[in-house]
Amino acid sequence: MSSTPDLCTEEEVSELVHAFYAKVHEDPLLAPIFNAHVKDWEQHLAKMVDFWSSTLRGTARYRGTPMPRHAQLPGLDPELFKRWLSLFHQTTRALGNAAMRDRADMLAPRIAESLWYGYQMYNNPSSLPRDLDPR
């Protein structure tokens, strides 16, 4: 399964992003972090729609470098990334488009792990990064 415009519509991508961040806004662990660092929610949501459109539909609309912004956030830990993933998967379970759900669910852990590795490398470059889900 690959990123393709046929996988889902732009409306489905927008619905996914908005439903997910509605959960983030209500979450006792994530809401304080996001609310402290996201100053313009409309802009953030538009950027996340572009990101997921690029990721799921292959539109290449997303332009950005998320790693530096995430790496500079204070006090992140694996539990926060796991919570992000849990809320994301709760959101995708409600999707009517099974192919979109499967693709998003496959990509989300890779994204979270990449951001977690980058965060650790930025904040503690002398140590090897730890996995989010040690086996």
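The figures here come from the full heavy-atom set of this structure, side chains too, leaving out hydrogens, waters and symmetry mates.
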For a 4.5 angstrom cut-off between non-hydrogen side-chain atoms, does P129 reach W116?
no

Kindly say whether the aromatic ring centers of F20 and W52 come within a distance under 6.0 Å.
no

Check R130 against Y117 and note the closest heavy-atom contact, atom names and distance.
O-CE2, 3.5 Å

All heavy atoms of P125 vs all of N123, minimum pair found to be CD-C, 3.7 Å

Should R110 and E113 be marked as a salt bridge (Lys or Arg N to Asp or Glu O under 4.0 Å) after you check the CA-CA gap, both sets of side-chain angles, and the distance that decides it?
CA-CA 5 Å; R110 294 179 185 179; E113 194 79 44; over 6 Å; no

Locate the shortest heavy-atom distance separating L80 from L30; write the atom from each residue and the value.
O-CD2, 3.7 Å

Is there a donor-acceptor pair closer than 3.5 Å between any side-chain N or O of R61 and the backbone N or O of G58?
no

Quick one, E10 with S14, criterion side chain to side chain contact (heavy atoms under 4.5 Å, CB included). Give me CA distance, side-chain angles, the key distance, then yes/no.
CA-CA 6 Å; E10 283 298 317; S14 183; over 6 Å; no

How many angstroms lie between CZ in F34 and CH2 in W84, if you round to the nearest 0.5 Å?
8.0 Å

Kindly work out whether a path of hydrophobic side-chain contacts (I/L/V/M/F/W/Y, heavy atoms less than 4.5 Å apart) joins M106 to L115.
yes

Polar side-chain atom of S114 near backbone of I111 as donor-acceptor pair, under 3.5 Å:
no

Smallest heavy-atom separation, C8 atom then V13 atom, equals SG-CG2, 3.7 Å

Is atom CE of M121 surrounded by more than 12 heavy atoms (other residues, nucleotides or ligands) closer than 6.0 Å?
no

Looking at H44 versus Y21, is the centre-to-centre ring distance below 6.0 Å?
yes

When you compare the side chain of D50 with that of T59, does any pair of heavy atoms fall below 4.5 Å?
no

Does either side chain, that of Q120 or that of S127, offer a donor lying less than 3.5 Å from an acceptor on the other one?
no

Side chain to side chain contact (heavy atoms under 4.5 Å, CB included), that's the test. Do L107 and L56 meet it? Break it down for me.
CA-CA 9 Å; L107 294 170; L56 294 170; 4.3 Å; yes

Quick check: is F51 connected to V38 through a chain of hydrophobic side chains (ILVMFWY, heavy atoms under 4.5 Å apart)?
yes

For a quick test of reading the model, state the closest non-hydrogen atom pair linking K82 to L132 and the distance between them.
CE-O, 2.6 Å

Min side-chain heavy-atom separation D27-K23 under 4.5 Å:
no

Does the side chain of L95 reach to within under 4.5 Å of the side chain of E12, using non-hydrogen atoms?
no

Hey, does R57 have a side-chain heavy atom less than 4.5 Å from the side chain of T4?
no

Could you please spell out the steps behind the side chain to side chain contact (heavy atoms under 4.5 Å, CB included) verdict for H37 and I33?
CA-CA 6 Å; H37 298 284; I33 296 166; 4.2 Å; yes

Here the pair of heavy atoms bringing Y62 nearest to S54 is N-OG, 2.8 Å

Determine yes or no for a side-chain-to-main-chain donor-acceptor pair under 3.5 angstrom, with Y119 supplying the side chain and L73 the backbone.
yes

E11/E15 under side chain to side chain contact (heavy atoms under 4.5 Å, CB included): CA gap, chis, key distance, verdict
CA-CA 6 Å; E11 184 176 301; E15 288 173 7; 3.2 Å; yes

Find the distance between OG1 (T92) and CZ (R103) and round it off to the nearest 0.5 Å.
14.0 Å

Determine whether E79 and L29 make a side-chain contact, defined as any pair of heavy atoms from C-beta on separated by less than 4.5 Å.
no

R69 CZ: over 12 foreign heavy atoms closer than 6.0 Å:
no

ring-ring contact (aromatic ring centres under 6.0 Å, His included), that's the test. Do H25 and W41 meet it? Break it down for me.
CA-CA 11 Å; H25 271 292; W41 273 100; 4.2 Å; yes

